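Nothing here was measured: the structure is a model prediction, and the numbers come from that model. Each chain gets a letter, A, B and so on, in the order its sequence line appears, and its residues count up from 1.
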Amino acid sequence: MLSRVIAVSASGLKSTAPLGAGLIQASRSLHTSSPSLAPVPPLPEAGKVRHGIVPEEFFQLLYPKTGATGPYMLGTGLSVWLLSKELYVINHETVAALTVGTVFVLAVKKFGPSFASAMDKMEEEKAAWIEDVKDQAMACYVDAIEEEKKEQWRVEGRSMLFDAKRNNVSMLLETNYRERLHHANHEVKRRLDYQLALQHLKVRMEKEHMVNWVEKNVVGSITAQQEKESIAKCISDLNVLAKNIQAKATA
Amino acid sequence: MVLTLILGLFDQFFSPYFLGVPLLAIAIAAPWVLFPKPSNRVINGRSLVAQNSFVLNFAKQILLPLNVGAHKWALLLTVLMVNLITLNLLGLLPYTFTPTTQLPLNMGFAIPLWLATVVIGLRNQPTIALGHLLPEGTPAPLIPVLIIIETISLFVRPFALGVRLTANLAAGHLLIQLLSSATLFLIDQMWPVAILTGLVMALLTLLELAVAAIQAYVFVLLLSLYLQENT
């Protein structure tokens, strides 16, 4: 695992600090295909390892010459040689190494799968969230298309709406005009009626005044002599009439 | 490789040399090699996901109690944490040199950062910074004594930070060495006791793993607390 880390970090070193700034621009000439919107290729498979540390490629390297047990023999022989020649001396660090190694291996065996699945779950949640954003955006667009179609249908009915509105307005204008006409008529008639009534009044007053004057003059012109004569005549007429009626009654 | 494997008790604390070439810089820069840089991908592999989530969650946690002006320290605190925890954990491997067991390195981390927090506090809000020297609610007769005590406490802080980290890690390493020497010796003499000692070694390894992480965290947490006081 760590052996691969060195290789990876060496390539990572290439694009770090002072070079990094210009490297993006400078390496543009090395791009063979134009930058596209094609989906990013999936993550490469993690390198195969045996016993957690040794890469599979090492076993493949030794396989043609030494077969399947070659690397194991190499490991055993190498460690036995180091120990026997005291090139590697067993000291307290050996015990410490064994202890730390055991603890580490047990920890990885116990917590490894759950840790890995937790990491995978985090990435899956992130991917699901992004997909969700995309789906929601698409749903919004589909709704927008529906709304747009509805708006287009509404536009077709707009001319009828405008005609109705125009009719409405002209009717209002007509009504208003007629009202004002009626009002004007009414006012003019009122004024003419007033003048008429005034004239009638004048004529009537003149008539009454004349009648009163005639009466007054006539009554004033009757002298006392005339009055006596007319009263005597009336009495004699009445006597004659009474005699006639008596005669008719007794006859 | 030949002669250095005949180890004394304090050999792991000596500055590493190989054929006369000092390796201290490599030992201190070791964490840089182990962390991949963030990729351009949205969906990453597991190690990168773990690294990213650790860094982001730690930064969020450490910055929660700090006000916005102190957020400039986010990168520094996070990098310090990652560096310290990696140095500590790498030291648990056999035959490694742990730079954080060296007092000068830890003082080199502690003194400038602590001094920066103090200077920031005195520069931006001198009254409040000096006000920290007198805790609230002290009875009047105790005030002079308490100010002296708090000043001493203030100046002891960098030493406390540095020595805490150094002592914890050095003591842990020494314990591992002693116990493993004991186990090795007892395998000849009384091997059942060696098994017992081996068990204690295993437990101690677990403790050391925890201590490595916790001490790094405590270092950074205390610095963030000092920063919180002063901003």
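Only the side chain of B/L206 comes within contact range of chain A, with heavy atoms under 4.5 Å apart. Within the 4.5 angstrom heavy-atom criterion, only side-chain atoms of B/I176, from C-beta onward, approach chain A. Using a 4.5 Å cut-off between heavy atoms, A/T102 makes no contact with chain B at all. Of the two parts of B/N40, neither the backbone nor the side chain holds a non-hydrogen atom closer than 4.5 Å to a non-hydrogen atom of chain A. A/V100 touches chain B through backbone and side chain together, each having a heavy atom under 4.5 Å away. Only the side chain of B/T205 comes within less than 4.5 Å of a heavy atom of chain A; its backbone N, CA, C and O stay farther away.
Distance CD/B/Q177 to CG/A/N91: 9.0 Å, rounded to 0.5 Å. Interatomic distance, B/S47 OG to A/M119 CE, rounded to the nearest 0.5 Å: 10.0 Å.
A/A127 approaches B/I43 most closely through the heavy-atom pair CB-CD1, 3.7 Å. When all heavy atoms are compared, the tightest approach of B/Y95 to A/V89 is OH-O, 4.3 Å. Nearest approach of A/H92 to B/L184, heavy atoms of both residues: N-CD2, 3.6 Å. In plain terms, the two heavy atoms of A/V103 and B/A202 that are nearest each other are CG2-O, 4.2 Å. Among all heavy-atom pairs drawn from B/M201 and A/A96, the shortest one is CE-CA, 3.9 Å.
Inter-residue side-chain proximity for B/F185 and A/V95 is flagged as unmet; no heavy-atom pair is nearer than 4.5 Å. The shortest distance between side-chain heavy atoms of B/V42 and A/I130 falls below 4.5 Å. A heavy-atom distance below 4.5 Å is not found between the side chains of B/L209 and A/F104. Side-chain contact between B/S180 and A/E93: absent, with no pair of heavy atoms (C-beta onward) separated by less than 4.5 Å.
Counting non-hydrogen atoms of neighbouring residues, nucleotides and ligands closer than 6.0 angstrom, the CZ atom of B/F58 exceeds 12 such neighbours. Counted within 6.0 Å of OH on A/Y63, heavy atoms from surrounding residues, nucleotides or ligands total 12 or fewer; the atom is thus considered open. Heavy atoms from other residues, nucleotides or ligands lying under 6.0 Å from NE2 of A/H51 number more than 12. The local environment of NZ in A/K126 is crowded, with over 12 non-hydrogen atoms from other residues, nucleotides or ligands closer than 6.0 Å.
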